[in-house]
2 protein chains.
Amino acid sequence: MDTRERLIESTRELLWERGYVGTSPRAIQQRAGVGQGSMYHHFTGKPDLALAALRRSAEDMRAKAEGELSGPGTAYERIEAYLLRERAVLRGCPVGRLTQDPDVIADDVLRQPLEETFDWLRQRLSRVLAEGRERGELAAELDPVATAATIVATLQGGYVLARAAASAEPFEHAIRGVLGLLATAVKGRRG
Amino acid sequence: MDTRERLIESTRELLWERGYVGTSPRAIQQRAGVGQGSMYHHFTGKPDLALAALRRSAEDMRAKAEGELSGPGTAYERIEAYLLRERAVLRGCPVGRLTQDPDVIADDVLRQPLEETFDWLRQRLSRVLAEGRERGELAAELDPVATAATIVATLQGGYVLARAAASAEPFEHAIRGVLGLLATAVKGRRG
DNA sequence: CATAACATACATACTAGTAGGTACAGCAGA
DNA sequence: TCTGCTGTACCTACTAGTATGTATGTTATG
């Protein structure tokens with residue numbers, strides 16, 4: 001792996017472990033095994049490095065979600081597959097994590113990839129739900145846009161609860177709960 | 001307001017604005033208009049101050065939730081009142097915010113109030129849901145424990161999305177979505 | 001009542017170490 | 001030899017805290 005690549009991967013790890021304000025250029029250099037000069041050669045500074053790392057994390061997240069959501073099965077099954085894979089990993093969301101960092105949110109260049117990623121995910125889920133409704137799998141009353149936002153929020157909030165509890169239990173309950181609620185909107189299961 | 005009180009309130013503000021690692025003792029002193037010696041007289045250090053601030057925020061959050069959840073009305077109405085008040089404030093959760101801070105999560109003394117607060121909230125919502133089910137307001141299939149976790153997660157996740165978008169829109173969608181899903185489990189509304 | 005003894009409250013100066021960089025010199029390959 | 005890359009030195013500001021001082025009470029004792 002070349003120097004630039006090592007810097008990006010080390011930054012990804014540190015942003016995940018320590019957040020943006022908690023990650024120093026020095027720490028990145030040490031983890032990557034790269035001198036200060038090299039780092040400032042490849043990147044203009046800490047925000048530039050963070051942007052590269054963040055874009056890669058967002059890309060990863062998007063590709064994985066697309067894998068499950070574009071797969072076969074009913075709308076419910078695809079969303080279930082997506083949520084259960086996230087539950088299986090239970091590592092937390094490297095993108096969502098950064099939303100709590102004031103320096104990231106204050107910088108529009110850094111915030112934009114965050115916003116785009118969540119917008120994409122909500123729209124993608126919304127399309128899956130709308131398709132399911134058109135096919136008659138889901139109740140007509142179900143609001144695809146609002147429900148998609150709820151699913152993404154449940155996932156992100158589940159990670160918040162898991163960190164507070166230092167345990168996976170609240171996260172698993174939250175996923176089970178949203179799938180249970182969604183199941184009540186599945187036609188054929190009702191009544 | 002005396003010195004100790006000003007220190008706690010300034011710490012609360014800064015923890016909310018900048019997080020734990022982003023909040024320095026110096027910044028706290030300056031905002032409180034208090035000298036360094038005074039700060040270290042009243043508190044042993046940064047973690048001690050953060051603990052006092054965090055406990056107060058948790059207490060606030062709990063008291064407000066209890067106000068809505070112990071009020072009159074059906075289970076659905078009380079939960080709706082709670083969620084809509086949070087939506088009206090749309091300030092974010094000062095407790096949930098700290099879960100993304102590694103130094104807070106790593107310190108059991110600081111993490112404990114976070115865990116207790118969310119555990120309490122999940123249990124409180126769970127009891128409201130169980131009562132609603134017993135009274136025949138809600139479908140028998142509804143899982144109170146899982147659904148309570150979903151509601152708390154939706155709220156916390158909604159704040160995550162709102163920060164990423166620098167807008168209240170995703171948060172409002174998420175709240176509307178979870179209330180819509182919950183409404184499908186309200187008896188009399190089905191079919 | 002006067003005053004010594006002591007605790008409380010607040011302030012200033014100082015510390016080692018880190019944050020986030022700039023400036024520049026050397027070196028290896030095309 | 002020029003360009004890309006890397007290493008070393010240096011810089012200013014800040015972090016979290018200690019050490020040491022002083023001003024103001026608050027009892028205890030004669």
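By convention in this document, chain letters (A, B, ...) are assigned in the order of the sequence lines, proteins followed by strands, and residues within each chain are numbered from 1. Just so we're clear, the structure is a prediction, and the values are computed from it rather than from any experiment.
Between B/Ser38 and C/dA11 there is a side-chain N or O to OP1 or OP2 distance below 4.0 Å. One finds a side-chain N or O of B/Thr3 lying less than 4.0 angstrom from the OP1 or OP2 phosphate oxygen of C/dC10.
Following rounding to the nearest Å, B/His41 (NE2) and D/dG17 (P) show an atom-to-atom distance of 17 Å. If you measure from atom CE of A/Met39 to atom C1' of D/dT8, you get 15 Å, rounded to the nearest angstrom. As a whole-Å value, the separation of A/Phe43 CZ from D/dT6 P is 11 Å. Distance, B/Arg6 CZ to C/dA9 P: 13 Å, rounded to whole Å. Rounded to whole Å, the distance from CZ on A/Arg18 to C1' on D/dT15 is 13 Å.
Side-chain contact check for A/Gln156 and B/Tyr159: no donor-acceptor pair (N or O, by modelled atom type) lies under 3.5 Å. Residues A/Thr184 and B/Thr184 have side chains that bring a donor and an acceptor to within less than 3.5 angstrom of each other. In summary, the side chains of B/Arg12 and B/Ser57 do present a donor paired with an acceptor at a separation below 3.5 Å, with no hydrogens or angles considered.
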Item to check | Base-contact (B) and sugar-phosphate-only (S) positions in nucleotides 18-25 of chain C, heavy-atom cut-off under 4.0 Å, - elsewhere | outcome: -SSBB---

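Look at A/Arg78 and A/Glu68 and you find no salt bridge, because none of the NZ, NE, NH1 or NH2 atoms lies under 4.0 Å from a carboxylate O. Contact check on B/Glu5 versus B/Arg56 returns a salt bridge, with a Lys/Arg side-chain nitrogen under 4.0 Å from an Asp/Glu carboxylate oxygen.
In this structure, A/Lys64 is not positioned above the aromatic face of A/Tyr82 in the sense of NZ or CZ being under 6.0 Å from the six-membered ring centre and within 45° of the axis.
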